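Indexing begins at 1, ligand by ligand and atom by atom, following the structure's order. Computed from a predicted structure; not experimentally measured.
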Amino acid sequence: MTTVAFLGTGIMGRPMAANLARAGLDVRAWNRTRAKAEPLAAEGVAVAGSAAEAVEGADLLVTMLADGPTVAEVFSGLALSPGTAWLQTSTVGIDWIGRLSEAAAAAGVPFVDCPVMGTKVPAEQAQLQVLAAGPEELRDRATPVFDAIGSRTRWLGAEPGIATRLKIVMNAWILTLTNGTGESLALARALGVDPELFFDVMAGTGFDVPYARMKGPMMLAGDYPASFPASLAAKDARLVVEAAGDQIDVAGAAAALAHLEAAVERGHGDDDMAAVYEGIVKK
Ligand code: NAP
């Protein structure tokens, strides 16, 4: 049976690890805050006391941690068995995916750059989309994992990096949509327009967007149960702005970043990214 060491059982990692066990893989999960991994024991996952313990003799290592520096730090403390391959699903950005890929190569560990699209509910329902880049010979080994966590895998190339680049492109869109929803709803309130009219008028038009309907009601209620924490959305907005560099002006992502940073400063870092609204409204 394939043994999978799963590191990071947060909002995304926990249901992903559960789905791997449900698919019949032998899963050992580790999380810095052990209490967040413990419920997985009831779902057939062995909860490890350390990352090193989780990876001992594993066929595959999956990382689903907050960001590049965290992944690098956790990986640097591991001694992988020969033959363990690493599927890196966290969103780390272009610079860090390069560094992680180099760290893997230096340690002789085959590496797949495989960020995922989809949030908490798609993760629970095994409906993530996997964007994957890595050596051809790893594809068969990675497929049972990708099939267990997602509904679609796109292999984008043999070189790690291209999957992360596509993830950055998609995140620029998602951040712009969320920020735009917040700006229109805040503007409606400021101008004395019933914000519900924003949704009424878009209904059935080409500019109707399900995402606005997911995030908008949270903004109007001022209640933000996290599917994607605002602090990590700010990290992703920063990755978009960094990726654009001096080549193009990503003013939409930069605006999302400024508003997310303001929301985080106001104490909404652990709230859903819809709390960008709290950074839009001037206090
Ligand atoms: P999350 O619930 O905040 O999980 C973050 C994970 O990273 C937790 O396991 C956390 O451990 C761990 N971590 C943070 N700092 C650490 C450190 N210094 N050392 C060890 N572990 C550390 O966030 P998430 O939503 O699952 O996101 C995980 C990754 O997936 C991020 O890269 C995110 O951008 C990406 N992503 C998220 C979504 C989404 O919609 N949520 C969608 C696609 C991709 P603790 O529990 O101990 O804090």
Could you pull out every N or O of ligand 1 that sits under 3.5 Å from a protein N or O, with the distance for each pair?
residue, atom, partner, partner atom, Å
ligand 1, 2 (O), Ile11, N, 2.8
ligand 1, 7 (O), Ala66, N, 3.1
ligand 1, 9 (O), Asn31, OD1, 2.5
ligand 1, 18 (N), Arg32, NH1, 3.3
ligand 1, 26 (O), Ile11, N, 3.2
ligand 1, 26 (O), Met12, N, 2.9
ligand 1, 32 (O), Leu65, O, 3.1
ligand 1, 32 (O), Ala66, O, 2.8
ligand 1, 32 (O), Thr91, N, 3.0
ligand 1, 32 (O), Lys235, NZ, 3.2
ligand 1, 34 (O), Lys235, NZ, 2.7
ligand 1, 40 (O), Thr119, OG1, 2.6
ligand 1, 40 (O), Ser227, O, 3.4
ligand 1, 41 (N), Ser227, O, 2.8
ligand 1, 46 (O), Asn31, ND2, 2.9
ligand 1, 46 (O), Lys36, NZ, 2.8
ligand 1, 47 (O), Arg32, NE, 3.0
ligand 1, 47 (O), Thr33, N, 2.9
ligand 1, 47 (O), Thr33, OG1, 2.5
ligand 1, 48 (O), Arg32, NH2, 2.9

**Report entry** Ring geometry between Trp155 and Phe146 (parallel below 30°, tilted from 30 to 60°, perpendicular above 60°)
**Finding:** tilted

Query - Co-members of Leu197 in a cluster of I, L, V, M, F, W and Y side chains, linked at under 4.5 Å - result: Leu187, Leu191, Val193

Requested in this report: Among Asn179, Ile174, Asp236, Leu232, find the one that has a side chain to side chain contact (heavy atoms under 4.5 Å, CB included) with Met273.
Outcome: Ile174

Query raised in the report: In chain order, what residues pass the ring pair (Phe, Tyr, Trp, His ring centres under 6.0 Å) check against Phe198, with sequence neighbours excluded?
Result: none

Report task. Begin from the C-alpha positions of Thr178 and Tyr211 and carry the test side chain to side chain contact (heavy atoms under 4.5 Å, CB included) through to its verdict. Result -> CA-CA 7 Å; Thr178 310; Tyr211 212 73; 3.1 Å; yes

Report summary line: Contacts of Asp26 meeting side chain to side chain contact (heavy atoms under 4.5 Å, CB included) (sequence neighbours excluded), chain-then-number -> Met1, Thr3

